[in-house]
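Okay, so here's the structure we're looking at.
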Amino acid sequence: MEGPLFSTRAESHLYRSWGAQVIGMTNLQEAKLAREAELCFATMALATDYDCWRSGHEDVAIDDILKVLAANVDLARRTVADVATALPDRSGCRCAHALEHAIITSRETIPAQVKRDLAPIAGRYL
């Protein structure tokens, strides 16, 4: 789902009727922006609650979520630190050239102001 927000009970039931077992606040926008900036991107998703569909459990309470979220922050920091030291050299990664064939507009028809505006992201292709 588009976040950051939590599902309503009705939304949770709808997702489950579609066969979803996990509902996450998407990072679609972040992935798209990373791609446009030609950056490698990976997701680390950490659960905060069982959502409001789970029978035998109370409805989701913000106090409980905040406790889990605080613990997740610590877990995320440790994980990123551990993973960052173990990452292989990615000098040949295709992410660094993701926009190379993305612009199909004829370069001579792109206005100079648009080229200036896009220079920080796509300047080498314009």
Side-chain angles (χ1 to χ4, degrees):
M1 69 179 304
E2 191 64 42
L5 54 97
F6 295 100
S7 305
T8 65
R9 184 178 302 276
E11 288 171 322
S12 296
H13 286 297
L14 176 65
Y15 297 139
R16 290 199 37 89
S17 76
W18 291 345
Q21 296 178 3
V22 175
I23 299 171
M25 289 182 274
T26 181
N27 48 16
L28 171 68
Q29 298 305 320
E30 291 86 346
K32 288 171 115 177
L33 291 171
R35 187 69 164 181
E36 289 176 2
E38 298 182 320
L39 300 172
C40 297
F41 183 83
T43 297
M44 177 172 47
L46 301 170
T48 58
D49 60 88
Y50 286 111
D51 208 5
C52 55
W53 59 265
R54 191 167 181 189
S55 59
H57 287 270
E58 296 292 319
D59 287 347
V60 176
I62 191 64
D63 291 339
D64 296 331
I65 290 173
L66 291 176
K67 287 177 191 171
V68 174
L69 191 59
N72 282 349
V73 167
D74 183 56
L75 174 59
R77 285 183 177 144
R78 290 192 325 264
T79 302
V80 169
D82 290 346
V83 169
T85 61
L87 287 174
D89 179 23
R90 299 286 302 219
S91 60
C93 181
R94 295 184 335 185
C95 295
H97 304 283
L99 294 181
E100 189 172 1
H101 303 290
I103 301 169
I104 59 173
T105 304
S106 175
R107 303 308 188 266
E108 54 273 358
T109 64
I110 301 172
Q113 183 60 48
V114 172
K115 288 181 181 181
R116 283 192 297 276
D117 291 346
L118 293 176
I121 295 174
R124 64 182 170 158
Y125 303 114
L126 296 173

### Message
How close do H101 and I104 get, counting heavy atoms only, and between which atoms?
### Response
O-CG2, 4.4 Å

#### Entry: With R124 via salt bridge (charged side-chain N to carboxylate O under 4.0 Å, His left out) - residues at least two apart
E38

### Message
I need the I110 CD1 to D117 CG distance, nearest 0.5 Å.
### Response
12.0 Å

### Query
Honestly curious: do L46 and V68 fall in one hydrophobic cluster under the side-chain, below-4.5 Å linking rule?
no

## Note on the structure
When rounded to the nearest 0.5 Å, the distance separating CE of M44 from CG of L75 is 7.0 Å

### Query
How many angstroms lie between CG in N72 and CG in L66, if you round to the nearest 0.5 Å?
11.5 Å

### Query
Between CG of L69 and OG1 of T48, what distance do you get to the nearest 0.5 Å?
7.0 Å

#### Entry: Heavy-atom check, side chain of V114 versus side chain of L126, under 4.5 Å
no

### Nearest non-hydrogen partners of A102 and A98, listed with the distance
CB-O, 4.2 Å

### Query
So, K67 and D63, do they make that salt bridge, N to O below 4.0 Å?
no

#### Entry: Over 12 non-hydrogen atoms of neighbours within 6.0 angstrom of NZ in K115
yes

#### Entry: Spacing of CG belonging to L28 relative to CG belonging to L33, to within rounding of 0.5 Å
9.0 Å

### Interatomic distance, Y125 atom OH to L99 atom CG [nearest 0.5 angstrom]
6.0 Å

### Task
Spell out, as yes or no, whether a donor-acceptor pair under 3.5 Å connects the side chain of R35 to the backbone of F41.
no

